[in-house]
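Order of the sequence lines fixes the chain letters, A, B, ..., with proteins taken first and strands second; residue numbering starts at 1 for each chain.
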Amino acid sequence: MPTFQSPRGTTDRLPAEQKYWRYIEGKAMDVARRFGYGRIDSPMFEDAGLFIRGVGEGTDIVEKEMYVFEDRGGDMLTLRAEGTAPVCRAYLQHGMSNQPQPVRMYYICPVFRYERPQAGRFRQHHQFGIEAIGDPDPSVDAEVIELAWTFMHDIGLSDMTLVTNSIGDPECRPEYIRSLKSYYEKRQAHLCQDCKTRLERNPLRLLDCKVETCRALGEEAPKSTECLCNDCDSHWNRVQSYLDAMGIANRIDHRLVRGLDYYTRTVFEIQPAVEGAQSTLLGGGRYDGLIEQLGGRPTPGIGFGSGIERLALNVQRAEVDVPDEPSPQYLIATIGEEARVAGVRLANRMRAVGVGAILANGGRALRGQMRQANALAVSGVLILGQDEVRDGTVMVRDMSTSSQEALTIEDFLNNVAVE
RNA sequence: GCGAGCAUAGCCAAGUGGUCGAAGGCGCCUGUCUGUGGCACAGGAGAUCACGGGUUCGAAUCCCGUUGCUCGCCCCA
């Protein structure tokens, strides 16, 4: 056991895993571009109050999962616990309400939560997320969901389920929660221990309990979509009709609720067809009250976040064909000290014209250097020995065809630079 | 915060009280092949058997504690 290990719940992303990240991030950036979303990078830490106000005091994230610390100046800061609140803060801070609405932004960044790590769950994880701020229209809901769905397909995860629901707004939700509570209070005897506390603290959460008896009760429970006020109801119906028009199938699940206080109206998740723990790959919804909560004028918004670690896991499980990272182009093998100098110089000139070159371990016999070339999967080897140094040439060996020819250094450089 | 399992070289792993001064495989290095890779063969390096304590004549192996990891619950991405 080494003296130091990466902190609990964090991982080193080793070179061998990079291709999955490069792939997913590349697809994310491309889909964002096609939908007109611009990148935003916000700080890794924020005023702790931002998350407390934004995400909600009663939520698990705020109550027991945030990394909060006081800096040397006495400010209370917190490691980014979530993606949406910082973007909304930036929207306000930079006066983005003066730009054409909605303002469309995406981010790819680490998120920190103090949790017990397990499969697909970490203390530092990474999210790709988008936000569309400043437009209440249901077509924006449909656009955000379309983007999410397109993204999943683009990275090769087609066997997914899109789940949607509407949880109303401050006008109709209190009424709904009242009827939900009274439904469950009458059946309290059948509830699991956790649900008995949920009844008091967070009644919406009763709906997505996984205990079998609670599930059964949840099936029959009052549905939020049946208690929507007129505005929420028409919004919800229009979102559904736009999704229909695009042929995006979704399962309406009245038990879908989400754990952050700021959600209003549309909420959605994307899950793999095979059920399992930590199955949510992407989750989001509308947050029409959040900006106001953060001190701005009432401003609607909607977005989603998706966990890149979970996406990468599923991409690997689905055996998606992910392109390999490019292997080094050339390895320079040298024999003797004189050739070593020539090799160093050749590598330097190649890199200057944009060609990848690495110097073989010169202490090894040529045979060993060739083995190294093979292990590194380079496409070509450049051999420099006494003869080559004397003639000003280099032996250029193509590793796939095993053919080689002697070229002058100048000819070689001219040829590779053109490629 | 709660529950369960696991911990032997970089990786996979045999070993359940003495024959372990720890097998085997992958990977790494060297040689067979004095300047030419992939295959094969031979050799080599690499392990305080997670840590601490206990039981025993004797512990990788049994017991206790600690730490770490993994999985589940909660919650979330």
Asks: With side chain to side chain donor-acceptor pair (under 3.5 Å) as the test, would you mind laying out the steps for A/Arg340 and A/Thr334 before giving the verdict?
Replies: CA-CA 6 Å; A/Arg340 197 71 182 156; A/Thr334 62; 3.0 Å; yes

Asks: Is it true that A/Tyr262 and A/Tyr287 have ring centroids separated by less than 6.0 Å?
Replies: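 So the answer is yes for these two rings.
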
Asks: Starting at atom CE of A/Met66, determine the distance to atom C1' of B/rC76, rounded to an integer number of angstrom.
Replies: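 Distance, rounded to whole Å: 15 Å.
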
Asks: Could you pull out the closest heavy-atom pair between A/His153 and A/Ser158, with the gap in Å?
Replies: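 Looking at all heavy atoms of both residues, the shortest contact is CE1-CB, 3.9 Å.
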
Asks: Have a look at A/Glu82 and say if it touches a base, only the backbone sugar-phosphate, or nothing, with a 4.0 Å heavy-atom cut-off.
Replies: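 The residue A/Glu82 makes no contact with any strand.
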
Asks: In whole angstroms, how far is the P atom of B/rC75 from the CG atom of A/Leu204?
Replies: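 Rounded to the whole Å, the gap is 12 Å.
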
Asks: Using the P atom as the point on both nucleotides, what is the distance between B/rC71 and B/rU66, in whole Å?
Replies: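 Between the two P atoms, the distance is 23 Å.
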
Asks: Nearest to the side chain of A/Asn374, which nucleotide is it out of B/rG38, B/rC71, B/rA77?
Replies: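 Among B/rG38, B/rC71, B/rA77, the one nearest the side chain of A/Asn374 is B/rG38.
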
Asks: Rounding to the closest angstrom, what is the interatomic distance between B/rC64 and B/rC57 at atom C1'?
Replies: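 Taking atom C1' in both B/rC64 and B/rC57, they lie 22 Å apart.
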
Asks: For B/rG58 and B/rG68, measure between their C1' atoms and round to the nearest Å.
Replies: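 Pairwise C1' distance, B/rG58 against B/rG68, rounds to 29 Å.
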
Asks: Identify all pairs in which a protein N or O lies below 3.5 Å from an N or O of nucleotides 29-31 of chain B, and state each distance.
Replies:
unit_1	atom_1	unit_2	atom_2	d
B/rC29	OP1	A/Arg364	NH1	2.9
B/rC29	OP1	A/Arg364	NH2	3.1
B/rU30	OP1	A/Arg364	NE	3.1
B/rU30	OP2	A/Arg364	NH2	3.0

Asks: Considering every strand and a 4.0 Å limit on heavy-atom distances, what is the contact class for A/Glu388: base, sugar-phosphate, or nothing?
Replies: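 Base contact.
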
Asks: Between atom CD in A/Gln124 and atom P in B/rC76, what is the gap in whole Å?
Replies: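 Rounded to whole Å, this separation is 20 Å.
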
Asks: Would you kindly give the CZ-to-P distance between A/Arg397 and B/rG38, to the nearest whole Å?
Replies: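 Distance, rounded to whole Å: 11 Å.
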
Asks: Taking ring pair (Phe, Tyr, Trp, His ring centres under 6.0 Å) as the definition, give me every residue that meets it alongside A/Phe412, ordered by chain and number, with sequence neighbours left out.
Replies: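 A/Tyr330.
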
Asks: For the P atoms, the ones on B/rC12 and on B/rU30, what distance do you get once it is rounded to whole angstrom?
Replies: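 That atom pair is separated by 25 Å.
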
Asks: Measure from the side chain of A/Arg310, starting at C-beta and using heavy atoms only, and say which of B/rC76, B/rG35, B/rG72 lies closest.
Replies: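 Among the listed nucleotides, the one closest to the side chain of A/Arg310 is B/rC76.
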
Asks: Give A/Leu311 one of three labels, base, sugar-phosphate or nothing, depending on what nucleic acid heavy atoms sit under 4.0 Å from its own.
Replies: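 Answer is nothing: A/Leu311 stays at 4.0 Å or more from every strand.
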
Asks: Less than 4.0 angstrom from a charged side-chain N to a carboxylate O is my criterion; do A/Arg173 and A/Asp169 meet it?
Replies: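 No, this pair does not count.
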
Asks: What is the distance, rounded to the nearest whole Å, between atom OH of A/Tyr263 and atom C1' of B/rC76?
Replies: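 Nearest whole value for this atom pair: 10 Å.
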
Asks: Salt-bridged, A/Lys64 to A/Glu115, with N to O below 4.0 Å?
Replies: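 Looking at A/Glu115 together with A/Lys64, the answer is no, because their closest N to O distance does not fall below 4.0 Å.
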
Asks: Taking for each residue the nucleotide of RNA chain B with the nearest heavy atom, is it A/Gln404 or A/Gln127 whose nucleotide lies nearer the 5' end?
Replies: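 Counting from the 5' end, the first nearest nucleotide belongs to A/Gln404.
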
Asks: Would you mind pulling out the nucleotide paired to B/rC26, Watson-Crick or G-U wobble, both distances under 3.5 Å?
Replies: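 Answer to the pairing question: B/rG10, which forms a Watson-Crick or G-U pair with B/rC26.
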
Asks: Would you indicate which nucleotide in B/rG35, B/rG72, B/rA77 comes nearest to any side-chain atom of A/Arg116?
Replies: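 Shortest atom-to-atom distance from the side chain points to B/rG72.
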
Asks: Looking at every strand, decide which applies to A/Phe304 at a 4.0 Å heavy-atom threshold: base, sugar-phosphate, or nothing.
Replies: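 The answer is nothing, as A/Phe304 stays clear of every strand by at least 4.0 Å.
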
Asks: I'd like the P distance from B/rG10 over to B/rC49, given in whole Å.
Replies: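 Going atom to atom, P in each nucleotide, I get 13 Å.
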
Asks: With C1' as the reference atom in both, quote the distance from B/rA59 to B/rU48 in angstrom, rounded to an integer.
Replies: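 It works out to 15 Å between them.
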
Asks: Would you mind telling me which of B/rU36, B/rA77, B/rC71 lies closest to the side-chain atoms of A/Leu366?
Replies: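 So the side chain of A/Leu366 is nearest to B/rU36.
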
Asks: Hunt down the Watson-Crick or G-U wobble partner of B/rG65, both distances under 3.5 Å, from any strand shown, or write none.
Replies: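 Base-paired to B/rC51.
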
Asks: So does A/Glu338 pair up with A/Arg390, basic N to acidic O under 4.0 Å?
Replies: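 No, A/Glu338 and A/Arg390 are not salt-bridged.
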
Asks: For B/rC71, which nucleotide in any strand shown is its Watson-Crick or wobble partner with both distances under 3.5 Å?
Replies: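 With both distances under 3.5 Å, B/rC71 matches B/rG3.
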
Asks: Strictly under 6.0 Å, is that where the ring centroids of A/Tyr106 and A/Phe35 end up?
Replies: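 No, the ring of A/Tyr106 stays outside the 6.0 Å limit from the ring of A/Phe35, centre to centre.
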
Asks: Roughly how many Å is it from CZ in A/Phe122 to P in B/rC69, rounded to a whole number?
Replies: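 So the CZ-P distance, A/Phe122 to B/rC69, works out to 12 Å.
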
Asks: Check A/Arg255 with A/Glu219, please: is the shortest side-chain N to carboxylate O separation under 4.0 Å?
Replies: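 Looking at A/Arg255 together with A/Glu219, the answer is yes, because their closest N to O distance falls below 4.0 Å.
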
Asks: Checking contacts here: which listed nucleotide (B/rC28, B/rC69, B/rC71) is nearest the side-chain heavy atoms of A/Arg8?
Replies: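 The nucleotide sitting nearest to the side chain is B/rC69.
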
Asks: Is the terminal nitrogen or CZ of A/Arg13 (NZ for Lys, CZ for Arg) located under 6.0 angstrom from the six-membered ring centre of A/Trp21 and within 45° of that ring's axis?
Replies: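 So A/Arg13 does make the cation-pi contact.
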
Asks: Without decimals, in angstroms, what is the distance between A/Tyr330 OH and B/rU36 P?
Replies: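 In whole Å, B/rU36 P lies 21 Å from A/Tyr330 OH.
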
Asks: By the 4.0 Å heavy-atom rule, please label A/Glu269 as base, sugar-phosphate, or nothing.
Replies: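 Contact class for A/Glu269: none.
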
Asks: For B/rU70, take OP1 and OP2 only and decide whether either is under 4.0 Å from a side-chain N or O of A/Gln118.
Replies: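 A/Gln118 to B/rU70 OP1/OP2: no side-chain N or O under 4.0 Å.
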
Asks: P atom, B/rC33 versus B/rG38: distance in rounded Å?
Replies: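 It comes out at 14 Å once rounded to the nearest Å.
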
Asks: Expressed as a whole number of angstroms, how long is the span from A/Glu115:CD to B/rG1:C1'?
Replies: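 Nearest whole value for this atom pair: 12 Å.
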
Asks: Please pick, from B/rU70, B/rC76, B/rC71, the nucleotide with the shortest atom-to-atom distance to any side-chain atom of A/Pro117.
Replies: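 Nearest nucleotide to the side chain: B/rU70.
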
Asks: Among the nucleotides B/rG72, B/rG35, B/rC75, which one has an atom lying closest to any side-chain atom of A/Ile335?
Replies: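 Among B/rG72, B/rG35, B/rC75, the one nearest the side chain of A/Ile335 is B/rG35.
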
Asks: Under 4.0 Å, counting only non-hydrogen atoms across every strand here, what does A/Gln369 touch: a base, just sugar-phosphate, or nothing?
Replies: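 A/Gln369: no heavy atom of the nucleic acid under 4.0 Å.
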
Asks: When you get a sec, tell me which of B/rU36, B/rG68, B/rA77 is the closest nucleotide to the side chain of A/Gln5?
Replies: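 Nearest to the side-chain atoms of A/Gln5, counting from C-beta on, is B/rG68.
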
Asks: Pick the closest RNA chain B nucleotide for A/Met399 and for A/His126 by heavy atoms, then say which residue is nearer the 5' end.
Replies: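 Nearest-nucleotide comparison on RNA chain B picks A/Met399.
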
Asks: With both distances under 3.5 Å as the test, what is the Watson-Crick or G-U wobble partner of B/rC39?
Replies: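 Check on B/rC39: unpaired, no WC or wobble geometry under 3.5 Å.
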
Asks: With sugar-phosphate meaning primed atoms plus P, OP1 and OP2, does A/Arg123 contact a base, only sugar-phosphate, or nothing at under 4.0 Å between heavy atoms?
Replies: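 Answer is nothing: A/Arg123 stays at 4.0 Å or more from every strand.
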
Asks: Taking atom C1' in both B/rU70 and B/rG24, what distance in whole Å separates the two?
Replies: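 Approximately 26 Å lies between the C1' atom of B/rU70 and that of B/rG24.
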
Asks: With a 4.0 Å cut-off on heavy atoms, is A/Ile308 in touch with a base, just the backbone sugar-phosphate, or nothing at all?
Replies: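 The answer is nothing, as A/Ile308 stays clear of every strand by at least 4.0 Å.
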
Asks: Please determine if A/Arg187 forms a cation-pi arrangement with A/Tyr183, meaning its NZ or CZ atom is less than 6.0 Å from the six-membered ring centre and no more than 45° off the ring axis.
Replies: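 Flagged: A/Arg187 positioned over aromatic ring of A/Tyr183.
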
Asks: Provide the Watson-Crick or G-U wobble partner of B/rU16, both distances under 3.5 Å; none if there is no partner.
Replies: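 Here B/rU16 is not engaged in any pair, so there is no nucleotide opposite it.
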
